[in-house]
Amino acid sequence: MVNSNADALGIIFPNSYDSLVPELVTERLMASIPFASRYRMVDFILSSMVNCGIGNVSIIVRRNYHSLMDHLGSGREWDLTRKNGGLHIFPPYSDKTVKIYSGRVEALASIVGFLRDQKEKYVVMSDANTAMNFDFNALIDAHVTSGADVTIAYSEEVLPDAALNSPALRNEMYYTLALEDGRVKQMFINSQETGIQNFCLNIYIMDRELLIDCIEKAFMRGDIYFERDILARSLDKLNVRGFKFDGYLARICDMKSYFDENMKLLDEDNLNALFSANPVYTKIRDDNPTRYINGSSVQNIMAADGCVIEGEVENSVLFRGVKIGKGAKVKNCVLMQDTVVEDGANLEYIVTDKDVTITAGKELRGTDSLPVYVAKYQVV
């Protein structure tokens, strides 16, 4: 069991960057996108929190959250079924006169009363568009030691093409940081700079009372965005410091990056880098181990439980319950839960959503630069 020993509560924003992957979020949100054959995106940040002793976690949802609620349930798999603390899922406003929140300020303003009632000293906040094994204890220690008002986690990386070129970023913003002796001097919004940048991970820690004060004032001003409207405007008043993350990171920016980040995990070094530090928990589905029928052929695949393989599979990620028929060929594909590839079908560079059926003898081909996506429940 996981012990609650961190003097911090967690807040996750599961809808952030939904617009970057419109194909995948028609009936779900970013946090519940399947990833790495048996997980959802939320599993990584939520597991990182509980592994570091954060036993009080709130998830503020905006829309399309039913799949997330089904996945998380009561939080049992993460040891968050508790009388004190535990997992809290806050739905959007129910008042007909109030719109669904647009940014973090409005989202946090909706739970200010809840925040006041909590006992933890610090609040850690995160999005769910990245898969990583994050050490929140190291973040908390760095924050306390530095005496910062706010600490922002970042990674040193080249800005992905999807972030630079996506038209969806008119509504969704990303941030890069200019640092001086560890202190954040400037925050750049949707920077177009090339080369290595201090790319914000949208993971923050600050004192709970300070957060409440900032949110109440910002909400009264009509502010929307926590980073743009609060942090970026207060860098001369608040001691905002950076915390560098050096671990393995998979960031979902569009369909191409989703495909690529799944495929990267077929490399054992990347797989170990993501999963070796601490366990990643997910919803349990009691199923049989994957079965490889006589005559099947597999090479360099990641297959979850419940799969049945009769054909040929190469360089592919198979989620739970995928069935590959006799004589079927699957190469460089990501097939989500309960996809059925019938006998003699031929797939290459395909991403299927859940419960897709590719009928016998069909041939579907995408390319490395443009994988073809087949929507949920479709029969091809």
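Since this is a predicted model, take the numbers as computed values, not measurements. Position 1 is the first residue of the sequence, and the numbers go up from there.
- Within 6.0 Å of CZ on Arg221 lie more than 12 heavy atoms contributed by other residues, nucleotides or ligands.
- Under a 4.0 Å N-O distance rule, the pair Arg320/Asp305 qualifies as a salt bridge.
- The number of heavy atoms from other shown groups lying within 6.0 Å of CG (Asp236) is above 12.
- Using a cutoff of 4.0 Å between basic side-chain nitrogens and carboxylate oxygens, Arg104 and Asp223 are not scored as salt-bridged.
- In this structure, Asp260 does not pair ionically with Lys264, as no charged nitrogen and carboxylate oxygen lie closer than 4.0 Å.
- The heavy-atom pair separating Phe243 from Ala138 by the smallest distance is CE1-O, 3.6 Å.
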Donor-acceptor contacts, no H, no angles, side chain residues 197-212, under 3.5 Å, sequence neighbours left out:
from: Gln197; atom 1: NE2; to: Thr194; atom 2: O; distance (Å): 2.9
from: Asn198; atom 1: ND2; to: Leu177; atom 2: O; distance (Å): 3.1
from: Asn202; atom 1: OD1; to: Tyr204; atom 2: OH; distance (Å): 3.3
from: Asn202; atom 1: ND2; to: Tyr17; atom 2: OH; distance (Å): 2.8
from: Asn202; atom 1: ND2; to: Asp127; atom 2: OD2; distance (Å): 2.7
from: Tyr204; atom 1: OH; to: Glu227; atom 2: OE2; distance (Å): 2.8
from: Asp207; atom 1: OD1; to: Glu209; atom 2: N; distance (Å): 2.9
from: Asp207; atom 1: OD1; to: Leu210; atom 2: N; distance (Å): 3.4
from: Asp207; atom 1: OD2; to: Lys121; atom 2: NZ; distance (Å): 3.1
from: Arg208; atom 1: NE; to: Glu120; atom 2: O; distance (Å): 2.7
from: Arg208; atom 1: NH1; to: Leu115; atom 2: O; distance (Å): 2.9
from: Arg208; atom 1: NH1; to: Gln118; atom 2: O; distance (Å): 3.3
from: Arg208; atom 1: NH2; to: Gln118; atom 2: O; distance (Å): 3.0

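- Within a 6.0 Å radius of NZ in Lys256, more than 12 heavy atoms belonging to other residues, nucleotides or ligands are found.
- Taking a cutoff of 4.0 Å between a charged side-chain nitrogen and a carboxylate oxygen, Lys283 and Glu77 do not qualify as a salt bridge.
- For the pair Arg82 and Asp79, the salt-bridge criterion is met [side-chain N within less than 4.0 Å of a carboxylate O].
- Closest of all the heavy-atom pairs between Gly242 and Thr151 is C-CG2, 4.4 Å.
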Would Ser234 and Lys237 count as a side chain to side chain donor-acceptor pair (under 3.5 Å) if you check the C-alpha gap in whole Å, the side-chain angles of each, and the deciding distance to 0.1 Å?
CA-CA 5 Å; Ser234 305; Lys237 301 174 184 177; 5.8 Å; no
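- Under 4.0 Å is where a charged nitrogen must lie from a carboxylate oxygen, and between Arg251 and Glu157 at least one such pair does.
- Of the charged side-chain nitrogens involved, at least one lies within less than 4.0 Å of a carboxylate oxygen, so that Asp287 and Arg285 count as a salt-bridged pair.
- Of all heavy-atom pairs spanning Leu87 and Gly73, the tightest one is CD2-O, 4.2 Å.
- Other residues, nucleotides and ligands contribute only 12 or fewer heavy atoms inside 6.0 Å of the CD atom of Glu268.
- Inter-residue side-chain proximity for Thr339 and Phe319 is flagged as unmet; no heavy-atom pair is nearer than 4.5 Å.
- Side-chain rings of Phe114 and Phe90 approach one another, their centers coming within less than 6.0 Å.
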Kindly list each side-chain donor-acceptor pair under 3.5 angstrom involving residues 368-380, sequence neighbours excluded, with atom names and distances?
from: Ser369; atom 1: OG; to: Thr367; atom 2: OG1; distance (Å): 3.3
from: Tyr373; atom 1: OH; to: Glu23; atom 2: O; distance (Å): 3.2
from: Tyr373; atom 1: OH; to: Asp353; atom 2: OD2; distance (Å): 2.5

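- In this structure, Phe259 and Tyr349 have tilted ring planes: the angle between them lies in the 30° to 60° band.
- The aromatic ring centres of Tyr175 and Phe188 sit 6.0 Å or more apart.
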